[in-house]
*Asks:* 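Next up is a structure, given as structure tokens.
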Amino acid sequence: LSFFDNDQTIAAIATPLGIGGIAIIRMSGNEVTNIIKKIFINNKDVKNLIPWTVNLGKIVENSKILDEVFVTFFKKPKSYTKEDMIEISCHGGNFIARKILELILKNGARLAIPGEFTKRAFLNGRIDLSQAEAVAELINAKTEKSLQISLQHIEGFLNKKISLLRESLINSISLLELEVDFAEEDLEFLERNELIGRLANLLEDLELLISSYKKGKIISEGVKLVIVGKQNVGKSTIYNALLKEERAIVTNIPGTTRDILENELDIKGIFFRLVDTAGFGITEDIVEQEGINRTKKEINAADIILHVLDGSEEFTREDEEIKNILEEVSKLKKVKLIAVINKMDLKKKIRLDNFYQEDDLPIIEISAMQVKGIDQLENAIYCSIMANNQDIITLEDSNRIIITKVRHLRSLERARISITNAINAIIQKMPSEIITIDLKEALDNLGEIIGVTISEEILNNIFNKFCIGK
Ligand SMILES: Nc1nc2c(ncn2[C@@H]2O[C@H](COP(=O)(O)OP(=O)(O)OP(=O)(O)O)[C@@H](O)[C@H]2O)c(=O)[nH]1
Ligand SMILES: [Mg+2]
């Protein structure tokens with residue numbers, strides 16, 4: 001099955017599996033009207049479907065009625081894929097939708113692969129690649145803010161920006177190529193200082209986009225917030241308090257949590273993935289030991305770590321060991337640490353003489369059991385993520401373009417290198433041909449983002465992440 005096989009008519013159930021009010025089956029391609037003629041009887045006595053209008057009728061197989069349905073015909077090119085498309089809304093429930101899909105397949109369509117509808121929209125020029133990717137992002141959006149960004153991409157803001165940058169490059173390249181044509185006359189159609197100025201502006205724009213990635217990633221993938229500490233200090237209680245739900249089991253037996261628990265959490269519009277872990281402790285128990293190994297993995301993947309301590313006890317060697325591990329990790333990969341002193345409803349015993357005090361990190365005192373101090377904890381978490389990303393969530397930057405895809409980041413970084421090389425070539429008074437090579441490379445790098453220059457392999461990779469029917 002070739003990826004660019006665009007002639008066949010495709011079909012898929014577009015709604016999620018399971019029971020629901022309605023299910024929608026989608027078809028796209030030249031054959032859709034022929035197929036529907038064989039399986040659909042319109043309640044109105046009309047010969048052909050009226051486009052962009054809902055048609056009520058029955059799906060029949062061998063003159064047996066399968067379901068009463070609505071059929072909408074999107075005539076090309078005014079459809080999602082720019083091909084003839086039909087959507088059948090049938091009664092919810094897998095069985096009916098599957099029966100209808102099977103009937104469609106028997107009558108000449110083939111099953112669509114994931115993302116194939118959107119891929120056709122791209123290949124038929126209705127949307128560019130960054131917009132297609134944004135469709136997938138929109139479907140997976142977890143917060144208001146990530147929704148906003150994907151909508152921005154779907155509207156084509158990223159596309160417009162990249163296209164502008166490419167235009168400016170194409171303009172410079174064509175002037176340089178003219179010089180090559182008139183090489184004997186030794187003409188300069190583009191003053192070198194002017195060219196450097198243009199490229200410097202371009203670099204600045206690239207820089208802005210590149211630096212937006214960190215925010216984009218935080219917004220779309222979430223911040224990994226991991227709760228770590230000795231056994232029995234109240235990690236699971238804090239987990240529940242932050243989630244405002246009794247998710248994790250809490251007991252007074254050390255070693256209650258043995259596996260990793262993860263849940264989505266929204267603090268002031270930022271999307272977190274909150275992780276509860278097995279407490280560190282010396283143990284012979286194999287299950288517990290495995291739990292601790294998993295905790296270590298989570299520590300390495302964390303963006304923020306809450307080190308929980310029991311305020312009603314003395315500071316122990318185990319606490320110290322954990323502290324050392326955490327400090328090591330935070331030095332290596334700049335994880336943010338927050339010390340949380342729990343059980344402050346009891347008499348405070350812990351002394352933090354030389355513990356975390358000298359480091360410039362937040363120490364928050366709470367009672368998870370009485371849900372006291374949780375607001376302050378949320379604040380500290382929020383602040384530590386904002387410290388490096390001040391303007392993340394302000395409304396003013398809603399017009400600023402934010403990139404969220406590693407793929408885009410890599411292309412932009414390559415373009416940055418090519419343009420830097422071009423500038424160096426100009427400074428070294430290299431001939432126009434050489435400068436042009438670098439600029440063309442940058443042009444291709446930027447083209448990859450919107451899909452002007454892209455390999456089949458990358459395309460495949462992008463579209464197979466979609467769900468079926470999209
Ligand atoms: N007094 C008091 N007790 C608490 C507080 N938070 C938790 N506890 C108690 O401490 C005990 C352990 O709590 P957990 O939340 O299970 O602790 P944990 O760190 O998840 O423990 P493990 O999963 O075994 O590592 C339970 O009996 C809790 O009720 C608190 O703020 N104050
Ligand atoms: Mg626990």
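Counting starts at 1 for both ligands and their atoms, following the listed order.
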*Asks:* Tell me whether E102 is salt-bridged to R98, with the criterion being a basic N under 4.0 Å from an acidic carboxylate O.
*Replies:* no
*Asks:* For a salt bridge (charged side-chain N to carboxylate O under 4.0 Å, His left out) with E133, tell me which candidate from K405, K119, R407 qualifies.
*Replies:* R407
*Asks:* Evaluate the salt bridge (charged side-chain N to carboxylate O under 4.0 Å, His left out) criterion for residues E365 and K372: first the C-alpha distance (whole Å), next the side-chain angles of each, then the deciding distance (0.1 Å), finally the verdict.
*Replies:* CA-CA 9 Å; E365 302 193 341; K372 284 198 179 125; over 6 Å; no
*Asks:* Would the distance check show the side chain of D266 and the main-chain N or O of F271 forming a donor-acceptor pair, the cut-off being under 3.5 Å?
*Replies:* no
*Asks:* Going by salt bridge (Lys or Arg N to Asp or Glu O under 4.0 Å), name the residues that satisfy it together with K58, two or more places apart in sequence or in a different chain.
*Replies:* E68
*Asks:* So, the side chain of K343 versus the backbone of S312: is there a donor-acceptor pair under 3.5 Å, distance only?
*Replies:* no
*Asks:* May I ask you to check whether S236 and D276 show a side-chain donor-acceptor distance below 3.5 Å?
*Replies:* yes
*Asks:* Could you tell me whether a side-chain N or O of N240 sits under 3.5 Å from a main-chain N or O of A248, the two making a donor and an acceptor?
*Replies:* yes
*Asks:* With 2.8 Å as the limit, count the protein N, O or S atoms near the Mg ion (ligand 2).
*Replies:* 2
*Asks:* Under the side-chain hydrogen bond (donor to acceptor under 3.5 Å, both in side chains) definition, can you give me all pairs with a residue in residues 11-28, not counting sequence neighbours?
*Replies:* R26-E87, S28-T81, S28-E83
*Asks:* Residues around ligand 1, heavy atom under 4.0 Å from any ligand atom, sorted by chain and number. Can you pull those?
*Replies:* Q231, N232, V233, G234, K235, S236, T237, V250, T251, N252, I253, P254, G255, T256, T257, G279, N342, K343, D345, L346, S367, A368, M369
